[in-house]
Number of protein chains: 2
Amino acid sequence: MSKKTASEEKLDPRVKRTRALIEQAFMALLAEKGFSSITVQDITQRAEVNRATFYAHFADKYALLEAAIQHAFRLALEKRTLNACHFSEANLRALVVTVCEFISQSDAHCKTCDSQFETLVEKEVRRQIQELVELWLEQIGSEIDLKTAATAASWTIYGLALQWSREKGKPRPKAEQFAEQILPLVAVYFKPREVSKTAQG
Amino acid sequence: MSKKTASEEKLDPRVKRTRALIEQAFMALLAEKGFSSITVQDITQRAEVNRATFYAHFADKYALLEAAIQHAFRLALEKRTLNACHFSEANLRALVVTVCEFISQSDAHCKTCDSQFETLVEKEVRRQIQELVELWLEQIGSEIDLKTAATAASWTIYGLALQWSREKGKPRPKAEQFAEQILPLVAVYFKPREVSKTAQG
DNA sequence: TTGCTTATACAACAGTTGTAGATAATGTAA
DNA sequence: TTACATTATCTACAACTGTTGTATAAGCAA
């Protein structure tokens with residue numbers, strides 16, 4: 001328990017402070033206006049940090065958003081103890097629910113979700129989904145090529161979750177119900193080596 | 001036959017000229033350097049067009065890229081007569097091949113494919129895949145919810161094609177072979193209402 | 001042709017960006 | 001404490017952005 005996450009390793013307290021200030025200011029701004037209309041100036045001004053200092057920590061505002069999303073989604077996974085666990089149908093359901101809720105919370109938290117914002121969310125979240133799915137598949141050994149299965153599964157999960165989060169007309173089902181519905185579409189990729197015919201349907 | 005594509009409708013010849021100049025200059029620049037290091041100045045300078053004129057046609061360089069990709073991928077689809085056609089396994093294979101080749105040509109054509117570039121390619125190409133898949137599914141009537149099937153199919157196709165285009169280590173199979181391999185993973189979404197067992201393999 | 005409309009060129013503007021160099025403040029270890 | 005290393009601040013800079021107003025040129029219709 002002595003070693004925290006890599007991102008929490010012993011750091012100069014000034015660095016921790018500065019980053020925290022920047023991230024806080026950034027989050028606050030996201031709640032007020034769209035990502036593309038947020039400038040580095042806005043951020044550093046609200047964070048009460050010099051603008052040059054910002055660039056000592058992040059290449060640009062896109063890097064900041066990426067880091068923020070990475071951190072936030074990791075937390076979302078940990079909330080359901082999906083960080084480093086084994087595969088099970090329950091965990092797969094939990095993963096889908098996590099992604100659904102993360103996307104809709106992102107939308108809710110941000111005043112104007114521009115496409116740049118959504119795009120970066122997608123990229124980072126899908127990356128983490130794939131990472132986890134690969135881990136699962138390594139453990140159970142997949143019927144088809146591992147990389148292929150992981151790719152197909154992660155893209156399908158993210159795509160469907162995104163579609164769910166955008167259903168406006170009809171009142172959409174709860175995330176749990178939705179996960180249950182699409183489970184058969186995703187579970188295909190987690191069949192271990194034994195061929196079990198089509199007796200399951 | 002009198003009506004051309006919407007994008008080719010009778011337009012002021014000055015507009016057509018200007019847009020063509022801009023797009024040409026842009027393509028030439030893409031072959032030389034990465035998208036993010038291309039400035040609007042670069043483009044207008046090479047196109048011999050005033051910078052203010054650029055903004056009369058595109059909101060920013062991202063809008064230009066989006067338009068260019070949209071145009072290019074539409075052409076790629078037309079090349080295999082996949083624009084407005086019915087569903088068949090052969091067409092599905094052709095679609096996968098088209099996507100594979102489009103992605104790898106994008107990579108080849110561009111000096112440095114930054115993530116912004118790849119991201120915009122992904123967004124636009126996937127959108128068009130989904131559009132086509134929805135058309136197909138409307139015709140044959142899908143087993144599961146149409147939107148859901150179209151989403152899952154389009155995301156899976158793009159994800160797998162992208163993965164294929166990035167295989168570096170081992171010499172990757174031809175696009176046609178690859179399409180054949182992954183066909184069963186995608187064809188699932190195109191089963192019409194009748195359940196035909198697994199007698200087809 | 002004439003007259004009207006629309007597109008482009010040009011120049012100037014305030015605001016943002018990313019970087020660099022010098023200085024001050026802070027953390028750390030002896 | 002002192003001495004050293006790291007970090008943050010401050011200032012200035014050239015470049016790019018997106019917009020505006022005006023003048024010129026090109027298209028088009030009578």
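Protein chains get the first letters and strands the later ones, always in sequence-line order, with residue 1 at the start of each.
- In this structure, CD of B:E48 is placed 16 Å from C1' of C:dC10, rounded to the nearest angstrom.
- Residue A:R14 has its side chain nearest to D:dT6 when only C:dA9, D:dT6, D:dT19 are considered.
- Rounded to whole Å, the distance from OH on B:Y55 to P on D:dG21 is 18 Å.
- With respect to the salt-bridge test (charged N to carboxylate O, under 4.0 angstrom), the residues A:E66 and A:R127 do not qualify.
- The aromatic rings of A:F87 and A:F190 sit parallel, their planes meeting at an angle under 30°, below the 60° perpendicular limit.
- Ring geometry, A:W155 versus B:W155: the interplanar angle falls from 30° to 60°, so the pair is classed tilted.
- Going from atom CD of A:Q41 over to atom P of C:dG18 covers 11 Å, rounded to whole Å.
- B:F26 does not carry B:K61 over the face of its six-membered ring by the limits of under 6.0 Å from the centre and within 45° of the normal.
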Between B:T39 and B:D42, does a side chain to side chain donor-acceptor pair (under 3.5 Å) hold up when you go through it step by step? CA-CA 5 Å; B:T39 68; B:D42 289 336; 3.3 Å; yes

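- In this structure, the CG atom of B:L64 is 12 Å from the P atom of D:dG18, given to the nearest Å.
- Counting any heavy atom pair closer than 4.0 Å across all strands shown, A:T53 reaches a base atom.
- The nearest heavy atom of DNA chain C to B:V15 and to B:R51 marks one nucleotide each, and the one closer to the 5' end goes with B:V15.
- Residue B:N50 has no polar side-chain atom (N or O) positioned under 4.0 Å from OP1 or OP2 of C:dT8.
- Between A:I38 and A:A52, the residue anchored closer to the 5' end of DNA chain C is A:I38, taking for each the nucleotide with the nearest heavy atom.
- Toward the 5′ end of DNA chain D lies the nearest nucleotide of B:F54, the other residue of the pair B:F54 and B:D12 mapping further downstream.
- For the OP1/OP2 pair of C:dT8 and a distance below 4.0 Å, the side-chain nitrogens and oxygens of B:H57 include at least one atom meeting the criterion.
- Computed from coordinates, the A:D60 CG to D:dA15 P distance equals 21 Å when rounded to whole Å.
- Each of C:dT28, D:dT9, D:dC16 was ranked by its minimum atom distance to the side chain of A:V49; first place goes to D:dT9.
- Mapped onto DNA chain D by nearest heavy atom, A:T18 and B:V40 fall at different nucleotides, with A:T18 at the one closer to the 5' end.
- In this structure, A:Q45 places its CD atom 15 Å from C1' of D:dC10, rounding to the nearest Å.
- Here D:dG27 presents its P atom at 14 Å from CG of B:L11, a figure rounded to the nearest Å.
- Atom CZ in B:R17 sits roughly 15 Å away from atom P in D:dA25 (whole-Å rounding).
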